[in-house]
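I have placed the structure first, in the form of structure tokens, so that the comments after it can refer back to it.
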Amino acid sequence: LIEAVNAREILDSRGNPTVEVEVLLDDGIVQRAAVPSGASTGAFEAYELRDGDKSRYSGKGVLKAVAAVVDELGPAIEGVEASEQRIIDEILIETDGTENKSRTGANAILGVSLAVAKAAADSADLPLFRYLGGPNAHLLPVPLFNVINGGEHADNGIDFQEFFLAPIGAETYGESLRWGTEVYHVLKGELKSAGYNTGLGDEGGFAPDLPSNREGLDFLIRAIEKAGFTPGKEIAVGLDVAATEFYKDGVYTVEGKEWSVDTLVDYFADLVANFPIVTIEDALAEDDWDGWKKLTDAIGSKVQLVGDDLFVTNPKRLQQGIDLGVANSLLVKVNQIGTLSETLDAISLATRSGYTSMLSHRSGETEDTTIADLAVAVNAGQIKTGAPARSERVAKYNQLLRIEEDLGDAAVFAGRSAFPRFKG
Ligand code: PGA
Ligand code: ZN
């Protein structure tokens, strides 16, 4: 039974305050969870409550959310069985009472929801992935390493936010981690010798001031080859365009020019024809449903099209996309929706509808590794949690190594099969 719930304000990887929650059970178990925070947030995400008190952390403090946990959310679930995750998440949602979790804050609610799951797992003496996924949880995800950072995550001129390496040809997760990391280091050398800055962006990728988005893909391919791998066969590439960030009044501004949606769709079709691209996320803006339909009709059979800002891990937005035949993959961010149960609902709706799912970190992260366990629990087959650098990113990749070791011979690496539409 849940005996007490505590919360505090801690810092995330950008030096901004965030919520950490601790749950104490009557058997003496204590577990904690910390909440991540995005920069290129979708307009339809659950509400992140910040104090707005300019005298502390430029208004970004989370003392109100902390107080909501201590004074309201915690007391509402005291005495409830910790393994009753769905009942607990329902109580949290009802206690908040708003559609977008804006009264107590989705950051407060998520911290409680995740800490409860971890405490229940510990109390059952199970690792989190097995507690959540049961005996069927055994698929290790392909890591999508975001090795070039642009957009809102870096102070460079690259429009596209993320450039991924996807080591789909590895035999094991551990091998895929080594491959991606080796290419990451070769990429640094390539950028350096071409005269580019090799400082890091928010997600641990390099943040060079490249002249075009295409140049980013060229660098990835060169680095893959130079590290001794075959592009496409062993290591594929991918993009998170985060197009909402450069979309206004029906126009996309890319590389200093104004592009119509049709031009942009043709541009992506050309990229897919010329590079071994397995996945493109948020290729278009979060409210450009017509554009998304055109894009999906044009290239959706050849490449994974992921909805992040488009779906915001919300089963209702995802259902809308499914009904319209828009995109074919769901990005999963626990703090976009705010409870573990609703996150699981979004993933199972995606799976039932033939959409793939990719677990995801946020650009503002902590040492919390819950998403690594979640990826294996639901057999998602894909996870993106930054470059193999910066401890808040590497913490998730390292946790997956432990899970793979724990599963032993039962572990299966998703590899190519995680991307059923990829033919390259
Ligand atoms: P965010 O970026 O965490 O800043 O929203 C991640 C993403 O867009 O996938
Ligand atoms: Zn995204």
Side-chain angles (χ1 to χ4, degrees), residues 12-16 18 34-48 50 60 106-107 110 141 143-156 158-166 200-205 207 213 216 238-247 268 277-288 292 295 303-314 317-318 321 327-338 343 346 350 356-366 368 370-371 375 380 382-387 390 392-393 396:
D12 74 11
S13 57
R14 276 194 281 249
N16 290 326
T18 191
V35 177
S37 175
S40 64
T41 47
F44 306 100
E45 295 193 19
Y47 191 81
E48 180 180 77
R50 295 209 177 261
K60 290 186 175 169
N107 40 351
L110 179 69
L144 289 116
F145 299 107
N146 175 14
V147 294
I148 297 181
N149 297 183
E152 293 296 301
H153 295 168
D155 282 327
N156 55 15
I158 307 179
D159 305 303
F160 295 178
Q161 183 177 279
E162 306 174 15
F163 292 74
F164 303 117
L165 298 169
L200 304 185
D202 287 357
E203 297 189 346
N213 297 294
L239 294 169
D240 179 2
V241 177
T244 304
E245 303 298 324
F246 53 76
Y247 176 75
F268 287 123
I277 296 176
V278 283
T279 187
I280 307 179
E281 178 181 327
D282 280 356
L284 297 173
E286 63 198 1
D287 43 15
D288 188 5
W292 267 99
L295 178 80
V303 69
Q304 173 170 281
L305 297 173
V306 187
D308 170 13
D309 291 349
L310 180 71
F311 294 144
V312 291
T313 318
N314 185 323
R317 300 261 317 167
L318 175 60
N328 54 37
S329 182
L330 171 73
L331 196 77
V332 180
K333 288 170 166 168
V334 283
N335 80 321
Q336 280 181 328
I337 186 72
T343 305
T356 52
S357 294
M358 185 192 295
L359 267 289
S360 173
H361 64 161
R362 299 306 305 247
S363 51
E365 265 294 336
T366 70
D368 189 293
T370 305
I371 59 165
Q382 307 181 29
I383 190 169
K384 69 160 188 174
T385 179
R390 296 186 53 142
E392 77 280 6
R393 314 293 148 188
K396 281 73 161 171

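Scope of the values below: all heavy atoms of this structure, side chains included, with no hydrogens, waters or symmetry mates. One-based numbering, in listed order, for ligands and for the atoms of each. This is a predicted model, so every value here is computed, not measured.
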Test: Glu365 and Lys396 ion pair at under 4.0 Å:
yes
Shortest non-hydrogen contact from Thr313 to Leu330?
CA-CD1, 4.3 Å
Give a yes or no on whether the backbone of Glu286 and the side-chain of Thr244 come within a donor-acceptor separation of less than 3.5 Å.
yes
Just need the protein heavy atom nearest to atom 5 (O) of ligand 1, so name the residue and atom and give the distance.
Arg362 NH2, 2.7 Å
Test item: Thr18 and Asn107 side chains (from C-beta on) under 4.5 Å apart, heavy atoms:
no
Protein N, O or S atoms less than 2.8 Å from the Zn ion (ligand 2), ignoring waters?
Asp240 OD2, Glu281 OE2, Asp308 OD2
Show the numbers, then the answer: is there a side chain to side chain contact (heavy atoms under 4.5 Å, CB included) between Leu295 and Leu305?
CA-CA 9 Å; Leu295 178 80; Leu305 297 173; 4.0 Å; yes
Measure Ala242 to ligand 1 on non-hydrogen atoms and call it side chain, backbone, both or neither using the 4.0 Å cut-off.
neither
Looking only at protein heavy atoms, identify the closest one to atom 8 (O) of ligand 1 and say how far it is in Å.
Gln161 NE2, 2.8 Å
Non-hydrogen side-chain atoms of His361 and Glu392 separated by less than 4.5 Å
no
At the 4.0 Å heavy-atom cut-off, does Lys333 count as touching ligand 1?
yes
Which bit of Glu162 gets closer than 4.0 Å to ligand 1, counting heavy atoms only: side chain, backbone, both or neither?
side chain
Show your working on side chain to side chain contact (heavy atoms under 4.5 Å, CB included) between Asp288 and Tyr247 and close with a plain yes or no.
CA-CA 9 Å; Asp288 188 5; Tyr247 176 75; 4.1 Å; yes
Going by the atom numbers of ligand 1, which of them fall below 4.0 Å from some non-hydrogen atom of Asp240?
7 (C), 8 (O), 9 (O)
Is the contact between Asp282 and ligand 1 made by the side chain, the backbone, both, or neither, using heavy atoms and a 4.0 Å cut-off?
neither
Only heavy atoms of Ser363, strictly under 4.0 Å: list the atoms of ligand 1 that pass.
1 (P), 3 (O), 4 (O)
Would you say ligand 1 has an N or O under 3.5 Å from any N or O of Arg14?
no
Is the shortest heavy-atom distance from the side chain of Asp308 to the side chain of Gln336 under 4.5 Å?
yes
I would like to know whether Val147 and Phe164 meet side chain to side chain contact (heavy atoms under 4.5 Å, CB included); could you show each step before the answer?
CA-CA 6 Å; Val147 294; Phe164 303 117; over 6 Å; no
Which of the ligand 1 atoms, numbered from 1, are nearer than 4.0 Å to a heavy atom of Asp308
7 (C), 8 (O), 9 (O)
Can you list everything that forms a side chain to side chain contact (heavy atoms under 4.5 Å, CB included) with Phe246? Sequence neighbours excluded, please.
Asp159, Phe160, Val241, Ala243, Tyr252, Val254
Thinking salt bridges, do Glu48 and Arg362 make one under a 4.0 Å N-O criterion?
no
Applying side chain to side chain contact (heavy atoms under 4.5 Å, CB included) to Asp282 and Trp292, what does each step give before you reach the verdict?
CA-CA 9 Å; Asp282 280 356; Trp292 267 99; 4.0 Å; yes
Could you tell me the residue and atom name of the protein heavy atom closest to atom 9 (O) of ligand 1, and the distance to it rounded to 0.1 Å?
Lys384 NZ, 2.5 Å
Side chain or backbone, does Glu281 bring an N or O within less than 3.5 Å of an N or O on ligand 1?
yes
Under 4.0 Å from any heavy atom of Gly38, which atoms of ligand 1 are there?
1 (P), 3 (O), 4 (O), 5 (O)
Does the distance from a Lys or Arg side-chain N to an Asp or Glu carboxylate O, for Lys384 and Asp240, drop under 4.0 Å?
yes
Can you find an N/O atom of Ser360 closer than 3.5 Å to an N/O atom of ligand 1?
no
Hey, is ligand 1 close enough to Gly364 that some N/O pair sits below 3.5 Å?
no
